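The structure presented is a predicted model; accordingly, all values stated were derived computationally and were not measured. Just so we're on the same page: letters track the sequence lines, and every chain starts at 1.
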Amino acid sequence: MTPERNYWAFDLETDLIMPGLLAPPPVCASVSDAKGAKKILADAEILPWVAHELDRSIWIGANIAYDFGVIGAYSPSLVRSIFKAYREGRVFDIQIAQALDAIAKGTLFKDPRTGGGLKDPTTGKSKNRYSLSIVTDLVLGRKDAKANDWARLRYSLFRGVPLAGWTEHARALGCVDPEGVTQYPLDDAGNTMSCALGQRGHENLQEMAAQSYTAWCMHLGSMWGRRTDPVAVANLKTIIEAKHAKAVIDFKASGLLDENGDEDQIVKKRMVATAYGATGICPACVGSGKVISEKSGNPIQCKVCSATGLNIASAPTLKLTDTGGVCADRDALSESGDDLLESYADVSNINKLRNTYLPFLELGTKQPVNVQPNVIVENGRTSYEGLIQLIPRQGGIRECFLPREGWLYCSTDYPALEMTTLAQVCMWIVGWSQLQQAIDAKLDLHSAFAAKLTGKSYDEFYALILAKDKWAKGIRQACKAANFGFPGYMGAARFVASKRAQENLRICISLGQAPKCETCQGVEGIDCKRCYGRGFLCALVKVTEWNNRKTTPTCKHCLELAEDLKKGWFAQWSEMKSYFDFIKKQCASPLGGKLRQFVSNRWRGNLDVMNGANTLFSGLAADLAKYALRLISDEAYTDENSALWETRPLELIHDEVFSEMPEARAHAAAWRQAELCDQALARYCPDVKPKNVEPALMRRWSKDAERVDGPDGKLIPWTPKRKPGEVFMWEPGYTAAA
DNA sequence: CTCGCCGGCGCC
DNA sequence: AAACGGCGCCGGCGAG
């Protein structure tokens with residue numbers, strides 16, 4: 001017989017969140033039952049009450065992972081029961097419920113009443129996140145969820161004061177609405193319960209158990225946090241500041257940078273437009289670069305010429321932005337043929353590191369960085385407020401992150417995860433899959449495609465790859481790009497442009513189809529102005545239109561070869577035509593398509609063919625990675641007999657679970673983490689059997705880390721290869737090369 | 001001053 | 001007909 005359940009909306013008032021402390025001590029709790037009966041619990045009452053109710057109640061909250069995090073921090077013995085509640089699907093989060101419903105309707109982080117962005121009625125801010133205020137507004141039509149909020153950020157002032165004395169205490173502190181001090185928490189609990197009741201008809205609620213549980217696991221990772229190495233960060237800062245200072249010197253005379261290092265975008269765009277051959281006078285601003293605003297009457301930048309004053313239309317190969325302005329991104333600069341602009345192309349990277357990543361790294365030298373997780377975005381993936389999923393792979397940035405003394409980082413990432421989930425999705429939609437067969441045969445998927453394309457057997461081609469044959473590597477690289485890009489319905493134009501911009505990959509050169517550079521006679525890596533050191537010539541002819549659509553100026557030869565590559569890709573994975581037919585059928589409606597995620601049954605609405613083509617396999621990958629995180633976290637926090645006991649799973653990085661674990665037990669723990677990743681995949685991809693996941697242990701974060709077996713067969717931490725005498729950038733005593 | 005938007009760029 | 005997707009954060013600009 002099912003035990004009778006209590007329904008509790010639950011909310012804690014705590015001291016403020018501080019850097020390094022996501023679980024500050026609680027001051028009081030407020031609870032509401034389903035009938036709206038509310039009460040406040042003083043600090044000493046909280047833990048006994050929670051302990052009594054935890055196993056037998058349904059828990060409702062707004063970001064309730066935070067509240068449970070506080071409970072767990074001050075009463076570790078309750079952590080098992082918290083996990084039990086999540087495992088049994090007894091935790092309902094109104095913020096997640098709102099996101100799930102919005103995903104089904106295609107209105108995530110939008111106000112369905114206006115179509116515009118969401119604005120928090122309390123803070124007035126817009127964020128990609130649902131708060132109690134926003135949910136109260138959307139579900140109950142009230143913007144007053146956070147009335148009586150004088151004490152909202154001041155509850156620490158009430159610690160130790162008996163509840164009966166709060167009103168008087170608040171008055172003594174100068175509060176004009178002293179009764180609000182006890183009303184505010186009651187409102188929070190009451191509003192939370194009312195929202196939950198109002199959400200009963202919402203879509204996708206079958207996902208609540210999995211998503212709220214995942215949010216809890218992610219929150220635990222964030223509570224543990226990430227530390228950075230003060231030495232490594234200081235070294236990095238020295239290097240970046242030196243590069244920046246040099247850039248200021250190099251580019252001051254041209255006006256690209258001022259003495260503070262701030263960029264003059266107008267100068268930059270004018271130089272770019274000129275380099276691409278723009279001449280004459282802009283017809284809109286008559287060369288001044290300024291026009292009068294219709295709205296304010298003030299002189300503003302001319303949009304037609306991006307304030308350059310030049311006639312943009314006179315430069316047919318000039319790359320433009322989405323809104324028709326002069327594009328001055330790294331790709332445009334490095335292709336401009338202008339020495340100064342080409343050398344300036346690196347500055348954007350320096351500034352990104354200096355202005356975005358360095359401040360983030362510096363936070364972690366003082367206390368753990370706690371990024372706030374967002375458990376679900378449109379395609380089912382996660383995000384974090386904070387840069388932890390976006391740390392550059394190169395440049396010694398990741399190496400600034402360190403586990404605690406006596407701990408190691410452990411990474412388990414799924415090889416070619418989205419290829420695997422795509423194969424599974426095709427098994428379900430089409431009924432068969434060449435991709436699935438190649439994965440089951442444990443083939444290298446890019447080599448498999450490349451072999452077919454070149455008329456060789458797989459073994460023959462793969463042998464060339466193992467022998468590091470340059471020709472074969474080029475073909476495989478193009479095929480890899482195809483395998484990653486085309487499943488999302490990518491076209492030739494975007495394919496060529498994105499590979500060029502992101503990976504500096506020229507399709508025509510990679511496929512061995514480009515003519516040799518006559519200036520350097522095909523010698524690669526030298527400072528040849530004709531071919532940019534590539535040895536071969538790309539973009540001898542550029543076109544600005546492809547398949548009757550305008551496109552950024554692109555090498556015609558690359559486009560033709562990309563079309564061939566796409567044809568070959570359809571031939572290689574012959575289920576893809578049927579797969580796209582299905583997506584087109586489901587998502588062709590101008591009103592927007594709606595697809596249901598396999599396994600989780602999560603609906604996603606308002607789809608066009610492109611996001612429709614992506615969402616099933618990327619969502620399946622996200623769902624299975626989340627399941628892996630839950631399996632790992634459960635053992636780590638609740639099972640003393642597991643090798644994973646006391647491991648701290650820190651983050652999901654889409655196809656990777658990243659954790660910190662005690663070094664003494666790391667061998668067994670890492671393999672257990674990998675094993676649970678395999679289990680998760682098997683549940684979500686029952687018809688595909690890819691290679692097993694392998695763990696990598698590290699003393700310092702690195703993209704290059706991989707499994708290393710010690711002499712006794714036990715895992716040991718991966719370390720980067722060191723040349724004789726080399727001191728790494730993140731080590732004491734590092735000096736930058738001249 | 002703050003806010004939203006754009007261009008740009010980091011990740012998977 | 002053809003069209004990759006999903007994020008967060010920065011500086012600069014325009015408007016109120």
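Residue-level contact check: A/Asn349 touches the backbone only, with heavy atoms under 4.0 Å from sugar-phosphate atoms and none from bases. Contact annotation for A/Val377: backbone-only contact, meaning every heavy-atom pair under 4.0 Å involves sugar-phosphate atoms and none involves a base. Note on A/Glu656: nothing from the nucleic acid sits closer than 4.0 angstrom, heavy atoms only. Contacts of A/Tyr384 with the nucleic acid, taken as non-hydrogen atoms under 4.0 Å apart, involve only primed sugar atoms and P, OP1 or OP2. Residue A/Ser126 is in sugar-phosphate contact alone, with no base atom involved, counting any heavy-atom pair closer than 4.0 Å across all strands shown. A/Ile397 comes within 4.0 angstrom of nothing in the nucleic acid, heavy atoms only. Among the heavy atoms of the strands lying under 4.0 Å from A/Arg604 are primed sugar atoms or P, OP1, OP2 only; no base atom is included. Within the 4.0 angstrom heavy-atom criterion, no nucleotide atom of any strand lies near A/Arg129. A/Ala328 comes within 4.0 angstrom of the backbone, heavy atoms only, and of no base. Across all strands, A/Thr321 comes closer than 4.0 Å only to sugar-phosphate atoms, never to a base (heavy-atom distances). Contacts of A/Asn548 with the nucleic acid, taken as non-hydrogen atoms under 4.0 Å apart, are absent. In this structure, A/Lys566 reaches the sugar-phosphate backbone alone: every heavy-atom distance under 4.0 Å involves primed, P, OP1 or OP2 atoms, never a base. Using a 4.0 Å heavy-atom distance criterion, A/Gly386 is classed as a sugar-phosphate-only contact. The residue A/Lys268 sits apart from the nucleic acid: no heavy atom pair falls under 4.0 Å.
DNA chain C forms stems at B:1-12 with C:5-16, each a run of 3 or more consecutive Watson-Crick or G-U wobble pairs whose two key distances fall under 3.5 Å.
Taking only side-chain atoms of A/Asp262, from C-beta outward, the nucleotide of C/dG12, B/dC9, C/dC7 with the closest atom is C/dG12. The A/Lys119 side chain lies nearest to B/dG4 when the options are C/dC4, C/dC9, B/dG4. Considering only side-chain atoms of A/Gln301, the nucleotide from C/dG6, C/dG14, C/dC9 that sits closest is C/dG14. Listed candidates were C/dG12, C/dA2, C/dG6. Nearest to the side chain of A/Asn547 is C/dA2. Checking C/dA15, C/dG5, C/dG8 against the side-chain heavy atoms of A/Lys295 singles out C/dA15 as nearest. Of the candidates C/dA3, B/dG10, B/dC12, the closest approach to any side-chain atom of A/Val609 belongs to C/dA3. Of the candidate nucleotides B/dG8, B/dC9, B/dC3, B/dC3 has the atom nearest to the side chain of A/Lys125.
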Next on the checklist: For a ring-ring contact (aromatic ring centres under 6.0 Å, His included) check, start with the C-alpha distance between A/Trp701 and A/Phe658, then their side-chain angles and the critical distance, and finish with the verdict.
Outcome noted: CA-CA 10 Å; A/Trp701 194 9; A/Phe658 195 88; 5.1 Å; yes
Checklist entry - Stepwise, does the side chain to side chain contact (heavy atoms under 4.5 Å, CB included) test hold for A/Asn483 with A/Lys480? => result CA-CA 5 Å; A/Asn483 276 336; A/Lys480 178 181 177 183; 5.7 Å; no
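Residues A/Phe109 and A/Ser293 each lie close to DNA chain C; by heavy-atom proximity, the contact nearer the 5' end of the strand is made by A/Phe109.
Applying the 3.5 Å distance criterion, the base of B/dC12 shares a donor-acceptor pair with the side chain of A/Arg381. Side-chain N/O atoms of A/Lys352 and base N/O atoms of C/dC10 include no donor-acceptor pair closer than 3.5 Å.
With sequence neighbours left out, A/Lys125 forms a side-chain contact (heavy atoms from CB on, under 4.5 Å) with A/Thr123.
The distance from atom NZ of A/Lys268 to atom CD of A/Glu263, rounded to the nearest 0.5 Å, is 3.5 Å.
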